[in-house]
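Remarks on the structure that follows.
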Amino acid sequence: MSQDAHHIETLAVHAGRTPDPTTGAVMPPIHLATNYERDATGACPRGFEYTREGNPNRRALETSLALLEGGAAAACFASGNAAAAAVFQALTPAQHVVIAQDTYYGTAVLLKDIFADWSLEATFVDATQPEAIAAAMRTNTALVWVETPSNPLLSVVDLPRAAEIAHAQQAHLLVENTLGTPILQRPFDFGADLVVHSTTKFLGGHSDLLGGVVITKRQDAFFERIRRVQVVGGAVPSPFDCWLLQRSLKTLPCRVRTQSETALKVARFLATHKRVERVLYPGLPEHPGYLTAKRQMSGFGGVLSFTLKEGDAAAKALPARTRIFTHATSIGGVESLIEHRASAEGPGTRAPQNLVRLSIGLEHPDDLIADLAQALGDVPHAEPKPVFPGGRLLRSPKEL
Ligand SMILES: *Cc1c(COP(=O)(O)O)cnc(C)c1O
């Protein structure tokens, strides 16, 4: 039976996994070797020669990720940004990119600070408006890059419309699915040609590995060029990071669904809070992308942002007041995180100064909501932020 026939929970556990033929080990070993022995003819009969070009851990991981996303093949990179850079390097200076203005700020920085000097032209558009994508298309547009939901503004792009517009011009549609994950959003079903993830986030899920991936619907010439950039450019993940990521994928469906359900509860709580101006979460009916998200997602994800009525200073102060949410950057881990996003992004940020971003982990939703309530002053706030002696979570600073 083809592995594609299985449900995603089954794929997450079994894709790319075969018991080690040498030892019978149920879970794969980590192959740290950089080079592989040749046979008498000089060939490498097991398909591996040098680890930059390929190794068993990366091959197994790429097989898993391609199957999980429903694509034909995957190329893994040392970071999400390295994956994005490989896509842009696979284009030529004569080509043009149309890209959503609400993409991850690092993707915009890559285009503006690095690739513009190599004469790769990019037009930034409001991709929530399909007409804006259409208006930016040129005869030499080779790629339309959208991110949905976007980080950190949670804007939603209509994927079938974006695909239609890209394909009318023979351009590829690339969807950054880092917030959606293959569990909640299946871009290939809606016309995407390529999917990119920062695997550092939900796919890794434990805030302990850096990685990125490009997954393709078809093994076409453009993907072959991305593969060349991967193996020749060499921004590849280590065998250990590949192993760790593959381990994380086994729990991806459980983690992401729980994170998404909890995020919706947190969003509903914040939406009714008197100090909150606006909650940016596509799972709320008042979000402008709600209906689109409902059509193309089976859950709305584990990231949300909100703005405070009092403005910048209150938003900057809030992350220091939470007790369960850790004040740190990044998203997608099992531990909840809080961050003043404009400070993290710096000059040129599109995040409003009164915006706070949350990444929802696997803690109990009631504990997370209670933590936000106390941080927002619903109950007297306790200073200082309690620590976790002996790994025990303190409920009140009196327990210190
Ligand atoms: C973090 C992130 C990236 C960059 O990934 P790295 O692994 O940090 O290089 C790209 N896109 C999105 C949506 C992200 O959240």
Side-chain angles (χ1 to χ4, degrees), residues 61 65 69 74-89 97 99-115 122 124 127 145-157 159 174-185 187 192 194-215 229-230 233 235-238 241-242 244-245 248 256 259 263 280-282 289 297 300-305 328-333 336-339 341-342 344-346 349-351 355 357-361:
L61 175 64
L65 289 168
E69 195 66 83
C76 285
F77 291 87
S79 70
N81 269 18
V87 172
F88 300 137
Q89 282 177 300
V97 179
I99 180 162
Q101 61 190 8
D102 279 355
T103 46
Y104 174 69
Y105 84 109
T107 312
V109 170
L110 264 179
L111 283 168
K112 288 174 182 165
D113 287 9
I114 310 287
F115 286 95
F124 290 80
W145 179 300
V146 299
E147 179 180 316
T148 183
S150 71
N151 177 11
L153 297 177
L154 284 303
S155 64
V156 173
V157 178
L159 292 178
L174 182 148
V175 177
E176 242 243 57
N177 198 21
T178 297
L179 267 65
T181 80
I183 308 305
L184 305 177
Q185 182 169 261
L194 295 158
V195 169
V196 162
H197 293 273
S198 165
T199 56
T200 313
K201 312 298 168 52
F202 288 94
L203 271 54
H206 297 72
S207 304
D208 56 8
L209 68 88
L210 190 70
V213 65
V214 183
I215 306 166
V229 174
Q230 178 201 33
V236 289
S238 70
D241 282 340
C242 292
L244 204 52
L245 178 54
S248 295
V256 167
Q259 285 168 298
L280 309 181
Y281 188 64
M297 300 184 82
F300 303 100
V303 177
L304 63 139
S305 296
T329 198
S330 199
I331 55 173
S336 292
L337 300 170
I338 183 166
E339 181 172 57
R341 197 58 200 155
E345 293 186 4
T349 182
R350 288 181 38 81
L355 179 138
R357 185 186 71 188
L358 301 179
S359 174
I360 302 300

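Quick note: numbers below take in every heavy atom, side chains included, and nothing from hydrogens, waters or symmetry partners. Each ligand, and each atom within it, is numbered from 1 in the order the structure gives. For clarity, every value in this text was computed on a predicted model and none was experimentally measured.
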Problem set entry | Spacing of CG belonging to Leu179 relative to CZ belonging to Phe202, to within rounding of 0.5 Å | 5.5 Å

Are [X] and [Y] close enough that some pair of their side-chain heavy atoms sits under 4.5 Å apart?
X: Cys76; Y: Leu65; answer: yes
X: Thr349; Y: Tyr105; answer: no
X: Ile331; Y: Leu337; answer: no

Name the closest protein heavy atom to [atom], giving the residue it belongs to and the distance to 0.1 Å.
atom: atom 10 (C) of ligand 1; value: Tyr104 CD2, 3.2 Å
atom: atom 6 (P) of ligand 1; value: Gly80 N, 3.3 Å
atom: atom 11 (N) of ligand 1; value: Glu176 OE2, 2.6 Å
atom: atom 5 (O) of ligand 1; value: Ser198 OG, 3.0 Å

For this session: Would you check if there is a donor-acceptor pair between the side chains of Asn151 and Arg357 at a distance under 3.5 Å?
Result: yes

Problem set entry | Donor-acceptor side-chain pairing of Ser155 and Ser150 below 3.5 angstrom | yes

Problem set entry | Trp145 ring center near Phe124 ring center (under 6.0 Å) | no

May I ask you to check if ligand 1 and [X] share an N or O to N or O distance below 3.5 Å?
X: Asn151; answer: yes
X: Lys201; answer: yes
X: Ala82; answer: no

Problem set entry | Exam field: side chain Tyr281 to backbone Gly301, donor-acceptor pair closer than 3.5 Å | yes

For this session: Output yes when a side-chain donor or acceptor of Thr199 lies under 3.5 Å from a complementary backbone atom of Gly204, and no otherwise.
Result: no

Hey, which atoms in ligand 1 end up nearer than 4.0 Å to a heavy atom of [X]?
X: Leu210; value: 7 (O)
X: Glu147; value: 13 (C)
X: Ile331; value: 15 (O)

Exercise. Should Gly211 be listed as contacting ligand 1, given a heavy-atom distance under 4.0 Å as the test?
Worked result: yes

Seminar exercise, completed: So for Thr199 against ligand 1, with non-hydrogen atoms under 4.0 Å, the contacting part is neither

Problem set entry | Pick from Thr178, Asn81, Thr107: the one approaching atom 9 (O) of ligand 1 most closely through a non-hydrogen atom | Asn81

